[in-house]
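Proteins come first, then strands; the chains are lettered A, B, ... in the order of their sequence lines, and each starts at number 1.
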There are 2 protein chains.
Amino acid sequence: MPEEPRWLDECEREAWLALASLMFKLPGALDAQLLRDNDLTLFDYFVLSGLSMAPGRTLRLSALASQVSSSLSRLSNVLKRLEQRGLLRREPDPDNPRYNRAVLTEAGWDLVVAAAPGHVAAVRRFVIDGLTPEQITALREVACRVTQQVNEAAEDSRRGC
Amino acid sequence: MPEEPRWLDECEREAWLALASLMFKLPGALDAQLLRDNDLTLFDYFVLSGLSMAPGRTLRLSALASQVSSSLSRLSNVLKRLEQRGLLRREPDPDNPRYNRAVLTEAGWDLVVAAAPGHVAAVRRFVIDGLTPEQITALREVACRVTQQVNEAAEDSRRGC
DNA sequence: CGCATTCGGTTCAAGCTTGAACCTCGGAAG
DNA sequence: CTTCCGAGGTTCAAGCTTGAACCGAATGCG
């Protein structure tokens, strides 16, 4: 249906290629640090850290999934592994027993506390410390905007079923 | 070794979380469009597109790997699949027969040409069209900077062996 | 000359992600 | 009442990525 598509101009192309390069490399770099030092992937860390900041160190699974931008399927698999390592438990939500929640254990909390400094240092090294304050603000705005566009598209295509 | 780590302030944290969210969602959204419409992953597309823009539609494997920010191992696996689909060939480099090159076939070229409009439209929809020209420039600078930091860290750790 | 290292690339096993299929439970609609 | 549907989760097979081990060909370097 696109008769003559609108190609990217030079500036847009460079921005997109740079972003693509970032997307391909940054996750690997952060994964590598966490795996080496704490035997966690970046995704594992986000899950545990998300729980650690929630009231009662607890979240409903679907809330957790949306917080870490993942499918329920992926989250379920990861939770199984983390539960086997004793870092969290799954249990029915006492308020509404048809929901499940994930609860961070003491061991899970300790691991987040132990992993956080190294992880934050890596985020600084790779991302934050190379940028000016204006660039950090711009990054936040751009990334929020893009995330929002992606979410809207996802909702649209759900509606379009 | 980190006595009291430098945590992220509110602004830095927001920027980092937004970027993380982007990194988790954007690749999936672009993959989904290409898979649905052209049976290619984003990574496949970058490989084919990289070849299509190279002189002679040909690149040495290691040059291609660095262009698409991937390990040689990953590239080798992907090339095997793309070669089986007849989209490219591998052959020794005539200039220096100990190197191998990947050469885009006619079918590969046709597929890139067919896939490009839809892919560009998705990049516009998810990324470019939501941003002002200043934001696009800022994005390029930020993403370049981050990529560079990651590359430097990778080189450092290679040196540090 | 010979030894070791590096570079370019491939392969393999282990682990991770994805999407589809499935299950259960609680409404809403007929 | 019962039938249907959707939301919350889980599971499974298929496919992808990763890192380590490996190979052959050059290129030091002693």
Side-chain angles (χ1 to χ4, degrees), chain A residues 23-36 39-47 59-85 88-93 95-102 154-155 157-159 161, chain B residues 23-36 39-47 59-85 88-93 95-102 154-155 157-159 161:
Chain A
M23 285 193 316
F24 281 139
K25 298 197 136 171
L26 186 52
L30 291 168
D31 266 353
Q33 181 272 320
L34 278 167
L35 275 172
R36 184 164 38 75
D39 197 24
L40 290 174
T41 62
L42 180 58
F43 188 81
D44 295 338
Y45 180 85
F46 267 80
V47 168
L59 280 174
R60 286 228 309 267
L61 299 202
S62 44
L64 185 52
S66 94
Q67 200 181 5
V68 298
S69 306
S70 96
S71 65
L72 230 31
S73 161
R74 181 183 189 182
L75 181 65
S76 183
N77 284 315
V78 170
L79 288 185
K80 193 190 308 168
R81 298 191 280 267
L82 296 177
E83 190 171 26
Q84 280 164 0
R85 289 170 64 180
L88 53 81
R89 303 189 294 283
R90 279 185 279 196
E91 57 183 39
D93 186 332
D95 297 341
N96 190 338
R98 90 192 173 98
Y99 298 136
N100 283 0
R101 345 183 286 179
E155 279 164 29
S157 76
R158 257 208 310 267
R159 250 179 268 295
C161 276
Chain B
M23 283 192 317
F24 281 137
K25 299 196 137 168
L26 186 52
L30 293 167
D31 268 352
Q33 179 272 322
L34 278 167
L35 275 172
R36 182 165 38 76
D39 197 26
L40 290 174
T41 62
L42 180 59
F43 187 80
D44 294 339
Y45 179 84
F46 266 80
V47 168
L59 278 174
R60 285 230 307 269
L61 299 202
S62 43
L64 185 53
S66 93
Q67 199 181 0
V68 297
S69 306
S70 94
S71 66
L72 228 31
S73 163
R74 181 182 190 182
L75 181 64
S76 182
N77 284 314
V78 169
L79 289 185
K80 194 190 308 170
R81 299 191 280 265
L82 296 177
E83 190 170 27
Q84 280 164 0
R85 290 170 62 181
L88 53 81
R89 303 190 293 284
R90 280 184 279 195
E91 57 184 39
D93 185 331
D95 298 342
N96 189 338
R98 89 191 174 99
Y99 298 134
N100 283 2
R101 345 183 289 179
E155 278 165 28
S157 75
R158 258 210 308 270
R159 249 180 268 295
C161 280

- Could you tell me whether a side-chain N or O of B:Glu83 sits under 3.5 Å from a main-chain N or O of B:Arg90, the two making a donor and an acceptor?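 Checked: pair present.
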- Item | Donor-acceptor pair, side chain of B:Asp44 and main chain of B:Thr41, under 3.5 angstrom |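 Present.
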Sub-3.5 Å pairs of nitrogen or oxygen atoms, protein against nucleotides 17-20 of chain D:
from   : atom 1 : to      : atom 2 : distance (Å)
D:dT17 : OP1    : B:Arg74 : NE     : 3.1
D:dT17 : OP1    : B:Arg74 : NH2    : 2.6
D:dT17 : OP2    : B:Arg81 : NH2    : 2.8
D:dG19 : O6     : B:Ser73 : OG     : 2.8

- Task: Check whether any side-chain heavy atom of B:Arg81 sits under 4.5 Å from a side-chain heavy atom of B:Val78, and report yes or no.
- Result: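 Yes; the side chains approach each other to less than 4.5 Å.
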- Hey, are the side chains of B:Met23 and A:Leu26 touching, using non-hydrogen atoms and a 4.5 Å cut-off?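 Of all side-chain heavy-atom pairs linking A:Leu26 with B:Met23, at least one is under 4.5 Å.
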- Query: Yes or no on side chain to side chain contact (heavy atoms under 4.5 Å, CB included) for B:Glu91 and B:Asn100, after CA distance, side-chain angles and deciding distance?
  - Reply: CA-CA 6 Å; B:Glu91 57 184 39; B:Asn100 283 2; over 6 Å; no
Distances under 3.5 Å only, N/O to N/O: pair up the protein atoms with those of nucleotides 2-4 of chain C.
none

- Message: As an exercise, state the distance from CG of A:Leu40 to OH of A:Tyr45, rounded to the nearest 0.5 Å.
- Response: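 Separation between the atoms: 9.0 Å.
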- Message: What's the separation between atom CG in A:Leu42 and atom CD in A:Gln33, rounded to the nearest 0.5 Å?
- Response: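 Between A:Leu42 CG and A:Gln33 CD, I get 9.5 Å after rounding to 0.5 Å.
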- Message: Before you tell me yes or no, could you show the steps for B:Arg85 and B:Asp39 under salt bridge (Lys or Arg N to Asp or Glu O under 4.0 Å), namely the whole-Å CA-CA distance, both residues' side-chain angles and the distance that decides it to 0.1 Å?
- Response: CA-CA 11 Å; B:Arg85 290 170 62 181; B:Asp39 197 26; 3.8 Å; yes
For [X] and [N], what is the distance between atoms [atom1] and [atom2] respectively, to the nearest whole Å?
| X | N | atom1 | atom2 | answer |
| --- | --- | --- | --- | --- |
| A:Asn100 | D:dT11 | CG | P | 11 Å |
| B:Leu79 | C:dT11 | CG | C1' | 14 Å |
| B:Arg90 | C:dG9 | CZ | P | 10 Å |
| A:Leu72 | D:dT10 | CG | C1' | 9 Å |
| A:Asp93 | D:dG8 | CG | P | 12 Å |

- Message: If the condition is ring-ring contact (aromatic ring centres under 6.0 Å, His included), which residues does A:Phe24 pass it with, not counting sequence neighbours?
- Response: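 Residues passing ring-ring contact (aromatic ring centres under 6.0 Å, His included) with A:Phe24: B:Phe43, B:Phe46.
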- Test log, rule side chain to side chain contact (heavy atoms under 4.5 Å, CB included), inputs A:Asn77 and A:Ser73: CA-CA 6 Å; A:Asn77 284 315; A:Ser73 161; 4.2 Å; yes
- Message: Quick one, B:Ser62 with B:Gln67, criterion side chain to side chain contact (heavy atoms under 4.5 Å, CB included). Give me CA distance, side-chain angles, the key distance, then yes/no.
- Response: CA-CA 9 Å; B:Ser62 43; B:Gln67 199 181 0; over 6 Å; no
- Set of salt bridge (charged side-chain N to carboxylate O under 4.0 Å, His left out) partners for A:Asp93, sequence neighbours left out: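 Salt bridge (charged side-chain N to carboxylate O under 4.0 Å, His left out) list for A:Asp93, sorted by chain: empty.
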- Using a heavy-atom distance cut-off of less than 4.0 Å, which residues of residues 61-70 of chain A contact DNA chain C?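 The answer is none.
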- Task: Would you sort out whether A:Leu64 and A:Val47 count as a side chain to side chain contact (heavy atoms under 4.5 Å, CB included), showing the intermediate values?
- Result: CA-CA 7 Å; A:Leu64 185 52; A:Val47 168; 4.1 Å; yes
Under 3.5 Å, N/O pairs linking protein and nucleotides 21-26 of chain D:
none

- Remember a base hit wins even if backbone is also touched, and classify A:Arg101 as base, sugar-phosphate or nothing at under 4.0 Å, heavy atoms.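 Nothing, no heavy atom under 4.0 Å.
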